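Here is how names work: the chains are called A, B, and so on, in the same order as the sequence lines, proteins then strands, and each is numbered from 1. Everything numeric here is computed off the predicted structure, so don't read it as measured data.
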2 protein chains.
Amino acid sequence: MKNKDYKILLVDDEADVLDMLEAILTKEKYTVLRIGNGEDALRIAEENKPHLIILDVMMPGLDGIETCKEMKTISSLHKSIIVFLTARGEDFSQIAGFDAGADDYIVKPINPRLLVRRVKALLRRFTYFEDTFDKKIVGDIVIYKEKYMVVHNDEEIILPRKEFELLWLLVSKVNKVFTRHEIFSTIWGQTLSSERTMDVHVRKVREKLKIENIKTVKGVGYKFEV
Amino acid sequence: MKNKDYKILLVDDEADVLDMLEAILTKEKYTVLRIGNGEDALRIAEENKPHLIILDVMMPGLDGIETCKEMKTISSLHKSIIVFLTARGEDFSQIAGFDAGADDYIVKPINPRLLVRRVKALLRRFTYFEDTFDKKIVGDIVIYKEKYMVVHNDEEIILPRKEFELLWLLVSKVNKVFTRHEIFSTIWGQTLSSERTMDVHVRKVREKLKIENIKTVKGVGYKFEV
DNA sequence: TGTTTACATTAAGACAACATTAAGATTTCA
DNA sequence: TGAAATCTTAATGTTGTCTTAATGTAAACA
């Protein structure tokens, strides 16, 4: 697993802290999400299932401790590592932090080299259980959205973006016939000169997955049949 | 599919936990079944095929894990989603739970808002299953617009575009006589040289569906009669 | 009852819609 | 930046759908 495959969520109300953290971590090629308050953080976290969440303790509204507690009740986040960001000397919040279920804390002011090393160490945990991804089982294939990957007959197939999006769309409602227009507007967004582009992508998916599930409905569109 | 169409089975030995869950979920209009132990839960589940089953891990007699494993062997329940109810910190049961085939878990104490959100998210899976399609039942045929498909006597019939559109039009107002002109302009858009084209399509639909419902009204047009 | 009009039936050819392939343009990533 | 992968285009092949036209049948009318 490469750095860019790790998602790190930064939560802080101070934009310059976020800027700094983001700068350091994107330089290391991590995928960084940032948000300015606890409420939004909960939503974003649930949607994105970050591997690591860096939470500032002191925030207006929902503070770090509360946000952390809430996060711990969200089962899809049970594998996410939560780290507090705290000003030096805030002993109390460190203890309350561990109570709330945090895994570690980082002291401000931030030392870039230390931060990177710490993040790296924490993320190493994920090496042990790779399987933290959403999967969707349709017919005899398994689709991993975050990995853009499909497993069929124990074979792992990585699909390029467009091909994967196409498959994902069709599979989002199995047996439904998606019109060519629906597909175009969802995946290409109307502007496309050649009508054939879509056919080619359909072909690629059929070919790579070696499945017969994608059916053509002439004059209408395509469907994924089970 | 509306909330009341979803059946949720609650299994816990503590009545007050059941009370709380039931209160939250019935407020959201879900159809709720409750039961106090694993043995009965198996029977009730098999009889009712709930969409979602919330199982307390710690129960006297058959515990949650065992109940879950048993449920997984009942084929009529293989579409049911199973969620564990677990006290915070019961790490082991979480892992054993996933081993047993659970889809998610919920941590006590229960946060009503989170519970509702979670349940909603989990039930969304049923989007993938058959019965979420809009169907129109006319006479003894069932028409699935999204699938471009008609079912008659357990036989699935796929109609080509024009034929399906014709059927769909007639069926859009059962017993109404659509004039030939109406039909032409709706499906062909005025320009068509041969008057016979329509007859041929009507014939194809009658033939493929093996129904007598499409009646000719001489000098006027056609109707779908029930 | 014959004649007309309107639709039914059939089969074959025209056509539109999609499949396929390969090559060129573009993006991505080391 | 250059190689590799992805995406798009274009040219050509294939197939099922649609249309046409020729002929048959039933109701309506005189």
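- Under the salt bridge (Lys or Arg N to Asp or Glu O under 4.0 Å) criterion, A:D40 pairs with A:R43, sequence neighbours left out.
- When the nucleotides C:dC7, C:dT28, D:dT19 are ranked by their closest atom to the side chain of B:H201, D:dT19 comes out on top.
- For A:T26, there are no side-chain hydrogen bond (donor to acceptor under 3.5 Å, both in side chains) partners, not counting sequence neighbours.
- Regarding A:R180, its CZ atom lies at a distance of 10 Å from the P atom of C:dA17, rounded to whole Å.
- Look at CE on A:M198: it is 12 Å from C1' on C:dA19, rounded to the nearest Å.
- At a threshold of 4.0 angstrom between heavy atoms, the contacts of B:F164 with the nucleic acid are absent.
- Regarding A:I214, its CD1 atom lies at a distance of 15 Å from the P atom of C:dC18, rounded to whole Å.
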Side-chain donor/acceptor pairs under 3.5 Å, residues 56-68 of chain A, sequence neighbours excluded:
from  : atom 1 : to     : atom 2 : distance (Å)
A:D56 : OD1    : A:K108 : NZ     : 3.3
A:D63 : OD1    : A:I65  : N      : 3.0
A:D63 : OD1    : A:E66  : N      : 2.8
A:T67 : OG1    : A:D63  : O      : 2.6

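- A salt bridge is absent between A:D199 and A:K204; no separation between the charged side-chain nitrogens and carboxylate oxygens falls under 4.0 Å.
- Applying the salt bridge (Lys or Arg N to Asp or Glu O under 4.0 Å) test to B:K7 and every residue at least two apart in sequence or in another chain returns nothing.
- Rounded to a whole Å, the OH atom of B:Y148 is 13 Å from the P atom of C:dA17.
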Let me check something: any side-chain donor-acceptor pairs from residues 8-24 of chain A under 3.5 Å, sequence neighbours excluded? List them with distances.
from  : atom 1 : to    : atom 2 : distance (Å)
A:D12 : OD1    : A:E14 : N      : 2.9
A:D19 : OD1    : A:R34 : NH1    : 2.8
A:D19 : OD1    : A:R34 : NH2    : 3.2
A:E22 : OE1    : A:R34 : NH1    : 2.6

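- Atom-to-atom, CZ of B:R206 to C1' of C:dA8 comes out at 8 Å; the value is rounded to the nearest Å.
- Closest approach to the A:R161 side chain among C:dC7, D:dC7, D:dT9 is made by D:dC7 (side chain taken as heavy atoms from C-beta onward).
- Checked against C:dA8, D:dC18, C:dC18, the side chain of B:D199 finds its nearest nucleotide in C:dA8.
- Residue A:K215 contributes atom NZ, which lies 13 Å from atom P of D:dG16 at whole-angstrom precision.
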Might you list the N or O atoms of the protein lying below 3.5 Å from N or O atoms in nucleotides 22-30 of chain D, with each pair's distance?
none

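- Each salt bridge (charged side-chain N to carboxylate O under 4.0 Å, His left out) pair with one or both residues in residues 209-224 of chain B, not counting sequence neighbours, appears once here: B:E155-B:K210, B:K223-B:E225.
- Qualifying salt bridge (Lys or Arg N to Asp or Glu O under 4.0 Å) partners for B:E165, counting only residues two or more places apart in sequence or in other chains: B:R161.
- Taking only side-chain nitrogens and oxygens, A:T216 comes nearer than 4.0 Å to OP1 or OP2 of C:dA19.
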For nucleotides 21-23 of chain C, give me every protein contact, N/O to N/O, under 3.5 Å, one pair per line with atom names.
from   : atom 1 : to     : atom 2 : distance (Å)
C:dT21 : OP2    : A:R203 : NH2    : 2.5

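- Remark: A:F224 engages no residue in a ring-ring contact (aromatic ring centres under 6.0 Å, His included) (not counting sequence neighbours).
- With sequence neighbours left out, the salt bridge (Lys or Arg N to Asp or Glu O under 4.0 Å) criterion links A:E182 to A:K176.
- In this structure, B:Y222 reaches the C:dA8 phosphate: one of its side-chain N or O atoms is under 4.0 Å from OP1 or OP2.
- For the pair A:E165 CD and D:dT6 P, the interatomic distance rounds to 14 Å; values are reported in whole Å.
- The C1' atoms of five pairs define one axis at each end of the helix from C:dT1-D:dA30 to C:dA30-D:dT1, and these two axes lie 40° apart (to 10°).
- Between D:dC18 and B:W188, no contact under 4.0 Å exists linking OP1 or OP2 to a side-chain N or O.
- Distances from the side chain of A:T197 to the nucleotides C:dA17, C:dC7, D:dT9 place D:dT9 closest.
- In terms of modelled atom types and a separation under 3.5 Å, the side chain of B:T31 and the main chain of B:D5 share no donor-acceptor contact.
- When the C1' atom of D:dT19 is taken as reference, atom CG of B:L166 falls 15 Å away, rounded to whole Å.
- Between A:Y222 and A:F178, the gap from one ring centroid to the other reaches at least 6.0 Å.
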